Structures are given as C-alpha cells and as structure tokens.
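Only this structure's heavy atoms are used, side chains among them; waters, hydrogens and symmetry mates stay out. Bear in mind that the values here come from a model prediction, so they are computed numbers and not experimental data. When a residue number appears, it is its place in the shown sequence, counting from 1.
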Amino acid sequence: MNVDLTLVFLGLLVFSAHLFASIYNRKKIPDVLLLIVIGLLLGPVFNLINVDSLGMGGPVFVAVTLVVILFEGGTSLSIKVMRSSWKSTMTLTLCCFFLSLIIVSVVGLCFGMGWLDAMLLGAILGGTSSAVVIPLVRILDMGEEARTVLVLESAATDVLCIVFTLAFVHAETMGSLQVGSVIGNILSSFVLAGLLGFAGALVWSRIITQIRKLQNSIFTTPAFVFVIYGVANMLGYSGAIASLVFGITMANIDTIKNRILLKVMGGPGHQLNKTEMIFFGEIVFLLKTFFFVYIGISIRFSDWQSIFAGLIITLSLFAGRLVVARFCSPKKAGIFDKTVISMMIPKGLAAAVLAGLPLAAGLPFGEFIQNVTYTVIFFSILLVSVMILLAEKSAVVRRFFELILGGRKRDGSIYMHDMARNGDKTDDEDVFDRTPYAYLKKRGEREGAAREEEDASGK
C-alpha cells in the first residue's frame, strides 16, 4: 500500500473512531462493531490488507494493546471491592470456562471432531477477551462489584485458555493428558505472575517521583508495564495477570500499611496523577481503535461449515452464559448487572493466537479449529454489540432478560457517560467523576475525613 495513502487512512481512522464514539453515545450503535466492519472490508471482503503481510508487527501490536488495556483497567479496581467479590469472581470464572468448554466440545463432536480435538476447541474458546470486555464495561452503568468481577474474569480466563490449550495440544501429540501438570501450570501462572506484578508496582511506586523529574517521562509507566509483561511471559507465567495486578496495586498503593512493604517503598506509596491517568485513557482509546480494525482484518471466512459451526457455538455459548449469569452473578447484582454479565462472551486476542497452535502442530482438525475460532470471534463480538444495543432500545428485550435472569430492577439507561467516550468533556464534573483518577481521589478524601473524625473523637 502507498505510504501516503496509508497515512491518510490512519488519520481518517482516528477521526472515524471519535465519530463512532459520538454515535455510540447518541444512537447506542456500538463503535466496536463499526470498527470491526472496517477491518472486514479491508481484509476478507476486498482483500486490501492481508494480516500475514504485517509480519511480526501484528502480534506485537496486539500484545501492546492487551498490556495497556489490562494495566489501565486495573487502575480502576478497588481492593475493598475485590475483597468482597473474589468468591463471585472465582465462581463465575470457573463455571463459565468449564461450561463453555463442555458446550463447544459437544458442538465439535456433532461436526465429526474427535473428543480431544473438540475439547481443544473448547479450551481455545472458553474465555472472554480483556480487550473487548474492559472498554465495554467501563461505559455501562453497572454496579462496581459486577464490573470488577467481569474485568478479573476476562484476565483469569486468558490464563485458563492458554494452559488448557497447551495441555490438550501436548496430549494429542504425546498421547497422554497429565492433569497434575495442568493444575501446577495454572497455579504458577496466577500466583507467581501476581507476585511479580505486585513487586513491580512497589518498586515503581518508590521511583516514580524521581522519574517524573525527567523530561518527557509520562510514557515511562507503560514502558515499565511492558517490562513486567515480557519478563512474566519469559518466565513461563501470565503476563496478562502480572499487568493487571501491577495496575491494581498502583491504584491502591495508599492502602498498604505493612511496615516491611513500606520500607521497601521508602515510605507511603505514590499513585498515578491526573495527567498520567488522562494520558493512559487517550492511549487506550487509540489502541482500541486499531485493535478492533485488526481483529476484523484477521477474521477468515474460508468455508461454510466453519461459519455454520461458529454461529452455533456462539449462540450456544450465549445460552449457557444466561444460565451461569442467573445463578452465579454477585449477590448485589441487579437485573442490568446480570444482563451485562450474560452478554459478555466476546472472544479476542487469546483465542486468535491459540487458534493457530493446532494447525502448527499438524493436528488433523487444525485448519478447521482455526477457521471456527475466527468465526466465533466475529459472531461473539457482533452478538455482544447487538445485544447491548437492544437492551438499551427495546423494552421487550429488557423484559426477556428480566424473566430469564431475575434480579432487582433499576430504571434508567444501561449506559454511563465517562471520559473514555467523551474526551471533549473533561471540564464536565459529572463526566470526570466517573474516571478512575476521580474515583481514587474521592476515596482518598473519604478516608482522610474518616481519619480526621477518628482523631477528633479520640481527643
């Protein structure tokens, strides 16, 4: 492609992303869907761009997008809410993953796959995409606990998908499935990656004030997250979990009271400031724009059988998710919270990457698994986008979810207005109050007021 035309296209794409965000705000037509359609037109439809021609640039870009989105998503999570929601997170994550694995395996068997091949496909499609879930839940008027559960689930299921997929590929090539090894890999991926992200945040909190004295230093925090992500992956742990924990720790660093940890940090921790949070929000918006176009370019529709199988799998996963949302949602979840939880089946980065492993390993159904996975990625994101739109526009659809899911009713829009979608309204207090920085600032003010009250009562 001509360099000048490429630059013109990139510029127009950024402007289009802002236009789509405005359409999302006013007409409730998801910008995610419109960006994927652009990718489809560029890739599979008109074949103007081939994802293979991007070489290593494509996977690197996708990894960068995932790291930044996970980190920035972690900065909006409260330790207090996480403490109260970890049981709900574990319940929802495990139930959804294993139910998805079973559903996809059954569909795979119906299409003539062997049981191990079918379970391999189920493992690839068992999770939800962080790059899709995190931007979506941040613009929906959900309870904080339900939003936290979905963010954590999206990161946790990536690990489960990777470990189980590698285990099934190894089982097919070696002829045996070692359960103990699978469990050990899962535990090490979660625990050790989390410790690495936590330790990295403590170190960064200590030196960030010195780093800020340097010129042009605002990008150093994302750069440090890249280091954490890469080191975790090289050690065989989950870079995604490490990035998420890094963000969570930085957002809640002021809650650490342990003497040993305070000594490591050289005193009370330092949080990200307002300018940094706004900058990260802009980066996420830009990367999200190109990521969903890239997803559209990457989708391959090679045969009708895989398209049909992908459609059945997507609808089956949605039906199964309805059941899980009904019984495994957080206790405080209202009907809108449960509705959003039931919709969140989008597949993305992890599925797209893992889809190529069976084919690379020379497995009999490798090409079929890859084609079905790409199809499910498209249909699942399409379904999420359409269902969110219908839930906002149609009283019939809302009534359907109310009957299926139960839960407490709540009037009003399922959408909330925040800085991520309204970058031109940063002077609007109502808009800014919904940003992660404002949340942390308000929480600090509340805790400070509480301490002053305790001191006053003690005197």
Side-chain angles (χ1 to χ4, degrees), residues 85-111 115 118-119 121-130 132-133 136-137 140 142-143 145-158 160-161 164 309-348 350-351 372-373 376-377 379-391 394 396-410 414:
S85 63
W86 71 270
K87 291 183 179 179
S88 300
T89 300
M90 292 298 297
T91 301
L92 183 69
T93 299
L94 295 177
C95 288
C96 284
F97 177 80
F98 287 109
L99 181 61
S100 299
L101 191 152
I102 293 172
I103 289 174
V104 175
S105 298
V106 171
V107 176
L109 291 173
C110 294
F111 279 84
W115 71 271
M119 292 181 69
L121 179 60
I124 293 173
L125 297 173
T128 58
S129 171
S130 302
V132 181
V133 171
L136 280 178
V137 299
L140 299 176
M142 302 178 64
E145 182 179 2
R147 186 183 295 112
T148 299
V149 167
L150 287 176
V151 171
L152 295 177
E153 180 207 5
S154 67
T157 51
D158 279 352
L160 293 175
C161 289
F164 274 86
L311 179 60
I312 292 178
I313 288 174
T314 303
L315 295 176
S316 301
L317 289 175
F318 175 61
R321 184 85 177 188
L322 283 170
V323 177
V324 175
R326 176 67 179 86
F327 297 103
C328 300
S329 294
K331 292 181 179 180
K332 295 181 181 179
I335 184 62
F336 281 160
D337 291 345
K338 290 185 177 181
T339 298
V340 176
I341 290 173
S342 69
M343 295 174 183
M344 287 300 153
I345 61 166
K347 315 303 172 187
V372 170
T373 300
V376 173
I377 290 173
F379 283 135
S380 62
I381 296 177
L382 175 64
L383 179 64
V384 172
S385 302
V386 171
M387 293 307 297
I388 288 176
L389 177 63
L390 292 177
S394 173
V396 175
V397 173
R398 291 196 295 272
R399 179 60 179 167
F400 164 78
F401 282 108
E402 181 183 327
L403 292 174
I404 297 296
L405 300 174
R408 297 182 290 106
K409 294 183 181 179
R410 185 174 59 177
I414 66 173

**Prompt:** Going from CE on Met343 to OG on Ser385, what distance comes out if it is rounded to the nearest 0.5 angstrom?
**Reply:** 10.5 Å
**Request:** Calculate, to the nearest 0.5 Å, the distance between atoms NZ and CG belonging to Lys338 and Leu322 respectively.
**Result:** 12.0 Å
**Asked** Taking only residues two or more places apart in sequence or in another chain, which ones pass side-chain contact (heavy atoms from CB on, under 4.5 Å) with Ala351?
**Response** Ile124, Leu125, Lys347, Thr373, Ile377
**Request:** Locate the shortest heavy-atom distance separating Ser342 from Leu405; write the atom from each residue and the value.
**Result:** OG-CD1, 3.9 Å
**Prompt:** So how far is it from Met90 CE to Cys328 SG, rounded to the nearest 0.5 Å?
**Reply:** 12.5 Å
**Request:** Provide the full list of salt bridge (Lys or Arg N to Asp or Glu O under 4.0 Å) pairs with a residue in residues 94-109, sequence neighbours left out, each pair given once.
**Result:** none
**Complete:** Residues at least two apart in sequence or cross-chain that pass ring pair (Phe, Tyr, Trp, His ring centres under 6.0 Å) with Phe318, listed by chain then number, are none
**Request:** Measure the CD1-CG distance between Ile388 and Leu140 for me, rounded to the nearest 0.5 Å.
**Result:** 5.0 Å
**Message:** Test of understanding: with side-chain contact (heavy atoms from CB on, under 4.5 Å), list the residues that count as partners of Thr157, not counting sequence neighbours.
**Reply:** Thr93, Thr128, Glu153
**Message:** As an exercise, state the distance from OG of Ser394 to CE of Met387, rounded to the nearest 0.5 Å.
**Reply:** 9.0 Å
**Item:** Residues in side-chain hydrogen bond (donor to acceptor under 3.5 Å, both in side chains) contact with Ser154, at least two apart in sequence or another chain
**Value:** Ser130
**Prompt:** For Arg326 and Ile404, what are the C-alpha separation, side-chain angles and deciding distance, and is it a side chain to side chain contact (heavy atoms under 4.5 Å, CB included)?
**Reply:** CA-CA 7 Å; Arg326 176 67 179 86; Ile404 297 296; 5.7 Å; no
**Item:** Non-neighbouring partners of Phe327 that pass side-chain contact (heavy atoms from CB on, under 4.5 Å), sequence neighbours left out
**Value:** Val323
**All side-chain contact (heavy atoms from CB on, under 4.5 Å) counterparts of Ser100, not counting sequence neighbours** = Leu317
**Fill in**
On a heavy-atom basis, the closest approach of Pro330 and Ser88 is CA-OG, 3.6 Å
**Request:** Over all heavy atoms of both residues, which pair between Val324 and Leu92 is shortest? Give the atoms and the distance, please.
**Result:** CG1-CD1, 3.6 Å
**Prompt:** Is there a donor-acceptor pair under 3.5 Å between the side chain of Arg321 and the backbone N or O of Ile341?
**Reply:** yes
**Side-chain (Asp337) to main-chain (Gly143) donor-acceptor, under 3.5 angstrom** = yes
**Side-chain heavy atoms of Thr91 within contact of Cys95, under 4.5 Å** = yes
**Partners passing ring pair (Phe, Tyr, Trp, His ring centres under 6.0 Å) against Phe98 (at least two apart in sequence or in another chain)** = Phe164
